[in-house]
Amino acid sequence: MKGRMMQVPLLTSDILKSALSRYPRQEIVSRTNEGNIHRYQYADMYRRSCQLANVLERLGVQSGERVATLAWNNYRHLELYYAISGFGAVVHTLNARLFAEQLQYIINHAEDAYIFVDAPFVPLLEEVREQIPSVKGFIINCDQHNMPSTSLSPCYCYETLLAQETDEFAWPALEASTASGLCYTSGTTGNPKGVIYDHHSSVLHAMMSGSSQYLDFNEWSVVMPVVPMYHVCAWGVPFSAPLYGAKLVLPGPQMDGQSLQELIEQESVDKAYGVPTVWLGLHNYLEQSGKRIDSLKLVGVGGAASPRTLVKLYAELYDVYWMGIWGMTETSPLATAAIPSPQLERLDAEQRYDLQATAGRAMFGVEIEIFDADDKPVIHDGTSRGNLRVKGPWVLSSYFKGEGDDSFSDGWFDTGDVAVINAQGYLKIVDRSKDVIKSGGEWISSVDLENAALNYAPVNEACVIGVRHLKWDERPIMLVTLKPGKSYVEGELREVLADRVAKWWMPDAVIVVDDLPHTGTGKLRKVELRQDYADHLIEST
Ligand code: ADP
């Protein structure tokens, strides 16, 4: 027997309408590309999103067409999220840190019809203009006064277009399964693949992730996504914050420690989200400047493993709760988190930090499981590792244009991460399957080694990769960058490691480098390093 309830689709335009009716005076604060602070309210966002939807209509955008953005975290980008998806087109967020060839590949693959671009990224598009024939026009996200001179054509000014339109728009009644967003994986293996979100998945993700079971947003919250809006929708915060009426602080192009501290203090930010390197940068700035972040109560940290040393520093120096998070482009992205809980509070501090540094437990709606090479589930004992698979209503069912089909089996999506899960359900990523180091047939976790190295104070960042070895096939080597002005002795680092990892995990070489390469989303670019150092141990023997 079927139920007899209304099948009402959940749409991103419903979040926009709700923000207008429930929280019209709640603030959105942005740092603009010009460096000044812009403030307005949800009612203004609604009005301008209507104007923008009228612009899309005038430009002749068709439903289902991809309309790209290449922009920082700011209010215009937020309007684009709502206007494009609410209109029935697909907002395709282009990653601003990509190289020209990757950008060109992605724009062509997506067949973008228009690109809305922040002025600083105009040169990037000029480089590829001749090779992206699907693009009918460019809109520069600024006012007439700040329009750069450009060879892009046809080219329009965002504010000029908006000013010509009325601030009323009848948001169409779309089907819940209508595509709403498109984001490409960073393509650490092979070409980037497209993940297409729909209205249903985006709204469900916002409802669950913003709830008290996860990010815990409400009208008192002041939230700052430091994770870029061009990568996995800034973890969905541009949808979940308006849904729960939180004040939104958008840091624009300046995501360095000093700029973040200023915004946290000025706007009384209490929750902020980003990859570990962002919080390392903030900590380094606070240490050197003596400045404070008194309003900040929680940082949500994902995209890479949480260094336990930082979890402890944030607790003990700043009284900030570090909440480990796991997710990926393919999971919208939020899936698990080490949320504060009475059980965690009862633990002694060191045990609590251990759990905060994991990726936490799956939120309602998301199922996670680890499997061995024979596809059998692995025991949840906190040490047995397996390939992590995930399912849920905001996990992709296939990639755009049917690529990467080998990632799906029996209703699960195979994440490519290697993980352990403990008896309480806490997930810990120990490696990406392609980063795993296999020495004489035994696994070594690069993530654990990197974390152990951060306990030696002079180390700023550590990166462990497996390289060829004549006897053991592969052995780990460690690359480190150092904090300025601290004296470093390799023997001391090795002592710190020896206290924390098995003897046979000790890296065969430790190399101090000036800089480590990162992807546009703050992950170490290990593929490149593995190539550069492939024969390092063979050459030195
Ligand atoms: P990509 O496009 O490279 O897959 P994503 O931003 O989607 O980039 O990154 C997802 C990946 O980031 C995960 O598959 C995992 O390897 C890594 N990651 C995310 N959160 C964590 C975490 N808490 N601990 C360790 N690794 C993580």
Side-chain angles (χ1 to χ4, degrees), residues 93-95 97-98 102 106 181-195 197 214 225-236 273-279 299-308 310-311 322-339 354-363 366 368 370 385 387-390 394-396 399-400 403-404 407 413-421 426-436 445-451 463-464 517-528:
T93 48
L94 290 166
N95 188 328
R97 294 254 164 82
L98 295 181
Q102 294 170 307
I106 289 174
L182 170 61
C183 186
Y184 280 75
T185 62
S186 48
T188 32
T189 51
N191 275 329
K193 294 191 282 289
V195 179
Y197 310 110
Y214 205 87
V226 187
V227 47
M229 286 172 73
Y230 58 67
H231 187 71
V232 231
C233 304
W235 298 355
Y273 305 94
V275 294
T277 43
V278 162
W279 309 118
V299 287
V301 190
S306 289
R308 192 183 175 286
L310 280 180
V311 177
W322 179 291
M323 180 170 88
I325 284 178
W326 173 83
M328 51 198 310
T329 308
E330 290 87 339
T331 65
S332 292
L334 300 178
T336 73
I339 62 167
D354 285 342
L355 287 178
Q356 285 175 244
T358 70
R361 299 199 280 190
M363 77 170 118
V366 175
I368 54 170
I370 43 176
R385 51 169 65 208
N387 298 316
L388 178 63
R389 294 182 187 166
V390 60
W394 49 88
V395 176
L396 88 170
Y399 286 101
F400 190 28
E403 289 163 359
S407 302
F413 168 65
D414 199 341
T415 65
D417 284 337
V418 180
V420 299
I421 299 178
Y426 282 82
L427 168 78
K428 190 168 167 226
I429 307 296
V430 289
D431 253 317
R432 296 199 88 164
S433 45
K434 35 202 180 297
D435 290 342
V436 153
S445 163
S446 62
V447 172
D448 283 351
L449 266 171
E450 286 158 7
N451 261 328
C463 171
V464 173
H518 291 94
T519 66
T521 53
K523 291 188 212 336
L524 286 163
R525 215 189 277 280
K526 290 196 179 180
V527 179
E528 205 171 295

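Both ligands and their constituent atoms are indexed starting at 1 by order of listing.
Checking Lys193 against Thr329 by side-chain atom types alone, no donor-acceptor pair falls below 3.5 Å. Ser446 and Asp431 form a side-chain donor-acceptor contact under 3.5 Å, judged by distance and modelled atom types alone.
With a heavy-atom cut-off of 4.0 Å, Met328 touches ligand 1 through backbone and side chain alike. Under 4.0 Å from ligand 1, heavy atoms of Thr329 appear from its side chain as well as its backbone. Contacts of Thr185 with ligand 1, taken as heavy-atom pairs under 4.0 Å, involve both backbone and side chain. The proximity of Lys428 to ligand 1, defined as any non-hydrogen pair under 4.0 Å, does not occur for either the backbone or the side chain.
Residue nearest to atom 22 (C) of ligand 1, selected from Ala304, Gly416, Gly302: Ala304 (by heavy-atom distance).
Looking at ligand 1, you'll find an N or O of Arg432 within less than 3.5 Å of one of its N or O atoms.
Annotation for ligand 1: atoms under 4.0 Å from non-hydrogen atoms of Asp417 are 13 (C), 14 (O), 15 (C), 16 (O). For ligand 1, the atoms lying closer than 4.0 Å to a non-hydrogen atom of Ile325 are 20 (N), 21 (C), 22 (C), 23 (N). The His231 neighbourhood of ligand 1 comprises atoms 5 (P), 6 (O), with distances under 4.0 Å to a heavy atom of that residue.
Using a 4.0 Å cutoff on heavy atoms, Gly303 counts as a contact of ligand 1.
Remark: side-chain polar atoms of Thr415 are paired, donor with acceptor, to backbone N or O of Asp417 under 3.5 angstrom. At least one donor-acceptor pair under 3.5 Å links the side chain of Arg525 to the backbone N or O of His518.
Using a 4.0 Å cut-off between charged nitrogen and carboxylate oxygen, Arg389 and Glu330 do not count as a salt-bridge pair.
With sequence neighbours excluded, the residues that form a side chain to side chain donor-acceptor pair (under 3.5 Å) with Trp322 are Ser306.
Here the side chains of Ile429 and Val447 are not in contact, with every heavy-atom distance at 4.5 Å or above.
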